[in-house]
Asks: 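Here's a structure for you.
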Amino acid sequence: MNASESTEHFMRRALELGRHAADTGEGGPFGAVIVRDGNIVGEGWNRVLASNDPTAHGEIMAIRDACAQAGLVNLEGCDIYTSGEPCPMCLGAIYWARLRHVYFGFSIADAERVGFDDRRFYEELTLPAGQRQVGQTQLLGEEACSVLDAYFVKSDRVPY
């Protein structure tokens, strides 16, 4: 299999997982696979409805699966293939997992056409915190920083 056939193979698997989520009613048509060195190391599909968990998106589930199987919180050197362009939450998780590249099928605009409102979240995140729909207020900043500082000086702290 050449590189182009491989990428299409992985994308087709992501699409298959998305179709499974939609067909079973577990969630929307979102599936994802994590690939390292030409092998799938994690898979996931949208389970928002099945688990009553708004964070159970296909990309998140695939990241959780790959990390659990590898026993790591870092997926450097891995790529993700996802049926749809990641929402801001999933994109954040992709960055935290240190994934190398995102391949996606349908776009945010395509998803919006059938009722998914990811674009609204992207737009909301460009606003200053005080102008967002969900209010944000800092409380006990000094106390919170003391917890943060204590963590920073721990000799057994694992950086991530």
Side-chain angles (χ1 to χ4, degrees), residues 1-127 132 134 148 151-160:
M1 202 178 327
N2 66 37
S4 176
E5 291 171 331
S6 292
T7 56
E8 289 177 7
H9 167 76
F10 298 131
M11 181 55 74
R12 283 197 176 94
R13 179 61 181 156
L15 295 173
E16 181 181 312
L17 293 169
R19 184 172 285 115
H20 167 79
D23 288 350
T24 62
E26 293 184 51
F30 303 96
V33 297
I34 309 285
V35 176
R36 173 180 279 140
D37 299 326
N39 296 302
I40 294 176
V41 296
E43 300 188 324
W45 57 90
N46 188 294
R47 294 192 37 80
V48 168
L49 300 175
S51 64
N52 294 315
D53 178 356
T55 69
H57 291 198
E59 297 93 332
I60 301 291
M61 302 306 288
I63 290 168
R64 290 174 182 168
D65 184 43
C67 287
Q69 289 193 52
L72 301 168
V73 297
N74 182 316
L75 297 173
E76 285 181 356
C78 293
D79 299 322
I80 187 167
Y81 293 77
T82 178
S83 58
E85 186 176 1
C87 73
M89 176 186 69
C90 292
L91 190 57
I94 286 164
Y95 274 94
W96 275 110
R98 310 294 193 254
L99 291 167
R100 178 177 57 191
H101 195 91
V102 177
Y103 297 91
F104 63 90
F106 54 81
S107 70
I108 294 293
D110 295 326
E112 185 176 41
R113 181 174 49 81
V114 299
F116 292 97
D117 58 358
D118 297 15
R119 182 185 313 277
R120 179 176 63 93
F121 298 129
Y122 272 106
E123 291 169 356
E124 184 84 6
L125 291 173
T126 66
L127 299 173
R132 294 180 188 153
V134 175
L148 180 66
Y151 171 76
F152 180 71
V153 299
K154 280 180 54 121
S155 62
D156 61 344
R157 175 177 57 93
V158 177
Y160 62 93

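All values below were derived from every heavy atom in this structure, side-chain atoms included, with hydrogens, water molecules and symmetry-related copies excluded.
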Asks: Look only at the side chain of S83 and the backbone of G31, and say whether a donor-acceptor pair between them is shorter than 3.5 Å.
Replies: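 Yes; at least one donor-acceptor contact below 3.5 Å.
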Asks: Are F30 and F116 close enough that their ring centers fall under 6.0 Å?
Replies: yes
Asks: For G58, does its backbone N or O pair with a side-chain atom of T82 as donor and acceptor, under 3.5 Å?
Replies: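 No.
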Asks: How close do P88 and F121 get, heavy atom to heavy atom, and via which atoms?
Replies: CG-CB, 3.8 Å
Asks: Provide the closest heavy-atom pair for Y122 versus L91 in the form atom of the first, atom of the second, distance.
Replies: OH-CD2, 3.6 Å
Asks: Counting only heavy atoms not in Y95 (residues, nucleotides, ligands), do more than 12 fall under 6.0 Å from its OH?
Replies: no
Asks: Rounded to the nearest 0.5 Å, how far does CG of L17 lie from CE of M61?
Replies: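 Taking CE in M61 and CG in L17, the distance rounds to 11.5 Å.
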Asks: In Å and rounded to the nearest 0.5 Å, what is the CD to CD1 distance from E43 to I63?
Replies: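 One finds 14.0 Å between CD of E43 and CD1 of I63.
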Asks: Can any side-chain N or O of R119 pair as donor or acceptor with the backbone N or O of I108 at less than 3.5 Å?
Replies: no
Asks: From H57 NE2 over to D118 CG, what is the distance, rounded to the nearest 0.5 angstrom?
Replies: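 CG of D118 is found 7.5 Å from NE2 of H57.
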Asks: If you draw a 6.0 Å radius around CZ in R12, do more than 12 non-hydrogen atoms from other residues or ligands fall strictly inside?
Replies: no
Asks: Checking R100 now: which residues fulfil side chain to side chain donor-acceptor pair (under 3.5 Å) with it, not counting sequence neighbours?
Replies: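 Side chain to side chain donor-acceptor pair (under 3.5 Å) list for R100, sorted by chain: D79.
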Asks: Which heavy-atom pair separates Y81 from M11 by the least distance, and what is that distance?
Replies: CD2-N, 3.8 Å
Asks: Could you note down all residue pairs passing side chain to side chain donor-acceptor pair (under 3.5 Å) where residues 15-34 supplies at least one of them, sequence neighbours left out?
Replies: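 Counting only pairs at least two positions apart or across chains, the side chain to side chain donor-acceptor pair (under 3.5 Å) contacts touching residues 15-34 are R13-E16, H20-E26, T24-E26, E26-W45, E26-R47.
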Asks: Please output the side-chain donor-acceptor pairs of residues 32-41 that fall under 3.5 Å, not counting sequence neighbours, one pair per line with the distance.
Replies:
residue, atom, partner, partner atom, Å
R36, NH2, E76, O, 3.1
N39, ND2, D37, O, 3.4

Asks: Looking at A62, is its backbone amide N or carbonyl O close enough to the side chain of D65 to form a donor-acceptor pair, meaning the two atoms are under 3.5 Å apart?
Replies: no
Asks: Drop me the distance from R132's CZ to T126's OG1, to the nearest 0.5 angstrom.
Replies: 8.0 Å
Asks: Report the C-alpha separation of L75 and R98 in whole Å, then their side-chain angles, then the decisive distance to 0.1 Å, and conclude whether the side chain to side chain contact (heavy atoms under 4.5 Å, CB included) test is met.
Replies: CA-CA 6 Å; L75 297 173; R98 310 294 193 254; 5.9 Å; no
Asks: How about I60 and C90: do any of their side-chain heavy atoms sit closer than 4.5 Å?
Replies: yes
Asks: Restricting to non-hydrogen atoms, name the atom on V134 and the atom on E124 that form the minimum distance, rounded to 0.1 Å.
Replies: N-OE2, 3.9 Å
Asks: Picking from L49, D53, V48, what satisfies side-chain contact (heavy atoms from CB on, under 4.5 Å) with S51?
Replies: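 With S51 as partner, L49, D53, V48 yield a single side-chain contact (heavy atoms from CB on, under 4.5 Å), made by D53.
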